[in-house]
Protein chains: 2
Amino acid sequence: MTATIKDVAKRANVGVGTVSRVINNHPSVSDEIRKRVLQAIEELDYKPNAIARSLKIKSTKTIGVIIPDISSAFYPEIVRGIEDAAKDLSYNIILLNTDLKREKEKEALNMLKEKKADGILFISNTVNKNLKREFKKTGIPVVLVSTKDLEGEIPSVTIDNERAAFDITNYLIKMGHRKIAIISGPKDDPNAGITRLEGYKRALLESGISVDENLIFYGNYKFKSGYDAMQKILMLKERPTAIFAASDTMAVGAASCAMQKGFNIPEDFSIVGFDGVELAEYFYPPITTVKQPRYEMGSKGMQLLIDILRGETKQKSVVLDYEIIERKSCREMGGI
Amino acid sequence: MTATIKDVAKRANVGVGTVSRVINNHPSVSDEIRKRVLQAIEELDYKPNAIARSLKIKSTKTIGVIIPDISSAFYPEIVRGIEDAAKDLSYNIILLNTDLKREKEKEALNMLKEKKADGILFISNTVNKNLKREFKKTGIPVVLVSTKDLEGEIPSVTIDNERAAFDITNYLIKMGHRKIAIISGPKDDPNAGITRLEGYKRALLESGISVDENLIFYGNYKFKSGYDAMQKILMLKERPTAIFAASDTMAVGAASCAMQKGFNIPEDFSIVGFDGVELAEYFYPPITTVKQPRYEMGSKGMQLLIDILRGETKQKSVVLDYEIIERKSCREMGGI
DNA sequence: CACCCTCTTGGAAACGTTTCATCAATTTAA
DNA sequence: TTAAATTGATGAAACGTTTCCAAGAGGGTG
C-alpha cells in the first residue's frame with residue numbers, strides 16, 4: 001500500500017504531528033528533524049493524501065467549472081484560461097457541461113456541493129432568481145464568466161456587449177455602409193442577444209440612420225442559423241451592403257451561403273462577426289470581428305474567485321476590454 | 001453549518017449506521033425506519049459529504065483527463081464524450097492541460113495521485129518507458145485515448161491511422177490524381193505523424209505510383225504550417241494536382257494560401273484533410289476529410305476505463321472506425 | 001539555585017463517512 | 001415450550017490528515 005503519514009513518522013522516529021508540520025512548512029521544527037523527515041518522505045515516496053487533508057481542513061482546492069458545451073468553439077479558450085490560473089494557484093478544476101439545460105445546471109451544482117468544491121465558475125445561462133436560490137443552497141461562492149446576474153448581485157467578468165456591438169456597427173458605418181443588416185442572437189438571451197442588438201440600433205440612430213426592422217434577423221449563434229438568415233437576406237428586394245452577425249460562426253454561415261450563391265465577400269457584402277473565434281480567422285476571406293478576451297476572461301474569473309475565497313476583495317465585478325480585429329471581409333463604400 | 005449524518009440520525013432517532021444504510025440502499029432496514037430517515041434527510045436538506053465518503057471507501061468517483069490543450073480544436077469533442085459518459089456512470093472529471101510538455105504531464109500525474117483520482121484518461125504525448133514508470137508510480141489505472149503505447153501494454157482507444165491515410169490517399173487516386181503531395185505531421189510523432197505518412201506511401205505504391213520525396217512536406221498540424229507548406233508547393237516546377245494534409249487545420253491553411261495567390265479549390269488543387277473538425281466543414285469550399293469519431297473516442301475511453309476499474313474486462317484496447325466525408329474540395333481528373 | 005520563558009515535540013481528538021462486531025427482538029423449527 | 005436461526009439496529013473503530021494541548025528541554029534572569 002502507499003505510505004501514510006504514520007509510516008513516515010515511524011521511519012523518521014518522530015510523531016505524526018511533526019511530519020505534518022514539515023509538510024506544511026510550519027516554522028517550529030528543528031533543522032535536524034526536518035532533514036530526517038524529508039529523507040523518510042523521500043525514501044518512502046510519500047505523497048500526502050489530499051482527500052484526508054480536505055476532510056480535515058474543509059477545503060478541497062477544487063473549483064467547479066460549469067459551461068454549456070466544451071465542444072462549442074467559444075468555450076475551450078475560456079476553460080484554458082481558467083485551468084492555467086488554477087494551476088498557478090494550485091487548484092484543480094472539475095468540468096461540467098449543461099447544454100444550457102436548467103436541470104443539468106442544478107445537477108452540476110449538487111455534485112459540486114457533495115464534492116465540496118471550494119468555488120464555482122459559472123459560464124452558462126443568464127442567472128435568474130431560481131438559479132440564485134440554487135447557488136445559495138450550495139453555500140459555495142460563485143463567479144460568473146461571460147454571463148450576468150441581471151440584478152448584479154453576483155460578481156462576474158464580462159465585456160460590454162452593447163458597446164462592442166455599437167463599435168463594430170460604427171465601423172461599418174464609417175466605411176460608408178448605410179443599409180446594414182444584423183443577424184442577432186436569440187431574443188431571450190439578455191446577455192449577448194438583446195444587448196448586441198441594442199448596440200447595433202444605437203449606432204444606427206446616432207448616425208442618423210433609421211433602423212429597418214426588415215434588416216433584423218435572429219439566429220442562435222450557430223452556422224446554420226447564419227446560413228439561413230443569409231438566404232432570407234438574399235431574397236430581399238432591397239439588399240443591405242453590410243451584415244453584422246452576432247457570432248463569428250453565424251458570420252461564416254452567412255458568408256458561405258452568399259459565396260455558394262455566387263456572390264463575393266467583401267465585394268458584394270461586407271460581413272463582420274463577433275467573438276474572435278479561430279474559424280473567423282482561418283475562413284477565406286478572413287472575417288473582421290470583435291474579439292472577446294476569452295482566455296483572460298477565464299483566468300481573470302479564476303483570480304477573482306480565489307480573491308473572494310480568501311476574503312481579499314470586495315466582490316466587485318470586472319469588465320474586460322474587447323478588440324476589433326480588422327481582416328478582409330469588409331470594403332469601403334464609394335459614394336452612394 | 002450544513003447537516004451531517006449524525007444530525008440526521010439524531011432527528012430520525014436512529015443510529016448513524018442506519019442512516020448510512022438507507023443512503024446506500026442496503027436492504028436490511030425496515031420500511032418504517034427508512035421512511036423516518038428519508039424524512040429527516042429531506043427536512044435537513046442533508047447531502048452526504050463525498051470527501052468523507054471517499055476517504056473511507058477509497059474511491060473518489062473522479063477521473064483525471066490529461067490533454068495537450070483544450071483550446072486546440074481537436075480535443076473539446078473528445079472531452080465532451082468523456083464527460084457525458086462520466087456523468088452517466090456518476091463520475092466527475094478533472095481537466096489538466098499539458099501542452100505536450102513532459103514536465104506538465106508529470107505534475108498532472110502527481111496531482112491526480114494526491115487527489116486520489118480513481119482512473120486516468122491520457123490523451124497527450126505518445127507513451128514512452130519513462131512515462132510508463134510515472135503511470136506505475138501513481139498506482140492509478142490509465143487508458144490512452146487517441147494515442148498509443150508503442151509496446152501495447154496500456155489499453156487504448158484509437159483509430160487505425162495508417163489505414164485511414166491509405167484510404168483517403170486512395171480516394172484521391174481513384175479520382176485520377178497521380179501527383180499527390182502530403183503535408184504530414186512531425187517526424188517525431190509516431191502516432192499520427194509517421195503512420196499517416198506510411199499509409200499515404202502504401203496507397204501510392206499499391207497503385208504503382210512511385211513516391212516522390214519532393215512532394216512530402218512536414219507540418220505541426222497547425223494552420224500556419226499548412227500555409228507555409230502550400231507556399232513551397234506553389235514554387236515547385238512540377239506541381240501536384242492534389243494535396244493530402246494530415247490535419248484539417250493544415251488543409252485549410254493550404255487552401256487559404258492557394259486561394260490568396262489566386263488559385264481555386266478544387267479547380268486548381270484538390271485538397272483533403274484529416275480529423276473531421278468543424279473548421280473543415282464550415283470552410284468555403286468545405287473540405288473533404290477523414291473524420292475521427294472524437295466524441296465516441298472519449299465516451300468509449302471512459303467506459304473502458306470504468307470497466308477496468310470494476311475488473312470487468314481484460315484490458316484490451318479498442319480501435320474505432322473512421323469515416324471519409326466527401327465535400328467540395330476535390331475534383332475528378334480527366335485523362336492525363 | 002529557583003523560576004519563568006521560549007522553542008520543540010508528541011499524541012490525542014476531530015473531520016464525516018462506512019463497516020463490522022454485537023446485541024436485541026422476532027420468527028422458525030423441533 | 002424451548003432452542004436456534006434470522007433479522008434489524010446500534011455504536012465504535014477506522015480512513016489519513018491537521019491542530020491543539022501538554023510537556024520536556026534548554027536558556028536567561030534575579
Seminar exercise, completed: Rounded to whole Å, CG of A/Asn25 lies from C1' of D/dT18 at a distance of 15 Å
Exercise. So which nucleotide from D/dT18, D/dC15, C/dT17 ends up closest to the side chain of A/Val16?
Worked result: D/dT18
Problem set entry | Any donor-acceptor N/O pair under 3.5 Å between D/dG8 base and B/Arg34 side chain | no
Seminar exercise, completed: Output for pair (B/Ile93 CD1, A/Ile70 CD1), nearest 0.5 Å, gives 8.5 Å
For this session: Could you tell me the separation between the CD1 atom of B/Ile5 and the CG atom of B/Asn49, rounded to the nearest 0.5 Å?
Result: 10.5 Å
For this session: Would you classify A/Ser20 as touching base, sugar-phosphate or nothing, given that sugar-phosphate means primed atoms plus P, OP1 and OP2, and contacts are heavy atoms under 4.0 Å?
Result: base
For this session: Would you tell me if any nitrogen or oxygen in the side chain of A/Lys58 comes within less than 4.0 Å of OP1 or OP2 on C/dG16?
Result: yes
For this session: Nearest whole angstrom, please: distance from the P of D/dT17 to the NZ of A/Lys6.
Result: 9 Å
For this session: Give the rounded distance in Å between these two atoms: NZ of B/Lys116 and P of D/dT17.
Result: 8 Å
For this session: Could you check A/Lys56 against B/Tyr46 and say which one's nearest nucleotide on DNA chain C is further toward the 5' end?
Result: A/Lys56
Exercise. Which part of the nucleic acid does A/Thr4 contact within heavy-atom distance under 4.0 Å: base, sugar-phosphate only, or nothing?
Worked result: sugar-phosphate
Exercise. Taking the side chain of A/Val14 as heavy atoms from C-beta outward, which of D/dT18, C/dG10, C/dT9 is closest to it?
Worked result: C/dG10
For this session: Mark yes when over 12 heavy atoms from residues, nucleotides or ligands other than A/Lys61 sit less than 6.0 Å from its NZ; otherwise mark no.
Result: yes
Exercise. Within the structure, does a side-chain N or O atom of A/Ser28 lie under 4.0 Å from either OP1 or OP2 of C/dT9?
Worked result: no
For this session: Quickly work out the B/Leu55 CG to D/dA14 P distance and round it to whole Å.
Result: 14 Å
Problem set entry | Under 4.0 angstrom between A/Asn49 side-chain N/O and D/dC15 OP1 or OP2 | no
Seminar exercise, completed: Separation of C/dC15 atom P from B/Arg53 atom CZ, nearest Å, is 20 Å
For this session: Just report the end-to-end axis angle for the helix from C/dC1-D/dG30 to C/dA30-D/dT1, five pairs per end, to 10 degrees.
Result: 50°
Problem set entry | Closest to side chain of B/Ala52, choosing from D/dT17, D/dT18, C/dG16 | C/dG16
Seminar exercise, completed: Between the OG1 atom in B/Thr18 and the CZ atom in B/Arg34, the distance rounded to the nearest 0.5 Å is 10.5 Å
For this session: Go through the steps for A/Phe135 and A/Phe122 under the test ring pair (Phe, Tyr, Trp, His ring centres under 6.0 Å), then give the verdict.
Result: CA-CA 10 Å; A/Phe135 286 168; A/Phe122 189 86; 5.2 Å; yes
For this session: Take the protein atom CD1 of A/Ile5 and the nucleotide atom P of C/dG10, then report the distance between them rounded to whole Å.
Result: 12 Å
Exercise. Can you tell me how far the NZ atom of A/Lys136 sits from the CD atom of A/Glu134, to the nearest 0.5 Å?
Worked result: 12.0 Å
Exercise. Is atom NZ of B/Lys87 surrounded by more than 12 heavy atoms (other residues, nucleotides or ligands) closer than 6.0 Å?
Worked result: yes
Exercise. To the nearest Å, how far apart are B/Ile51 CD1 and C/dT17 C1'?
Worked result: 11 Å
For this session: Could you check how far CG of A/Asn13 sits from P of C/dG11, rounded to whole Å?
Result: 10 Å
For this session: Evaluate the side chain to side chain donor-acceptor pair (under 3.5 Å) criterion for residues A/Tyr221 and A/Asp189: first the C-alpha distance (whole Å), next the side-chain angles of each, then the deciding distance (0.1 Å), finally the verdict.
Result: CA-CA 11 Å; A/Tyr221 305 119; A/Asp189 174 1; 2.7 Å; yes
Seminar exercise, completed: Walking DNA chain D from its 5' end, the first of A/Ile23 and B/Ile33 to be reached, judged by nearest nucleotide, is B/Ile33
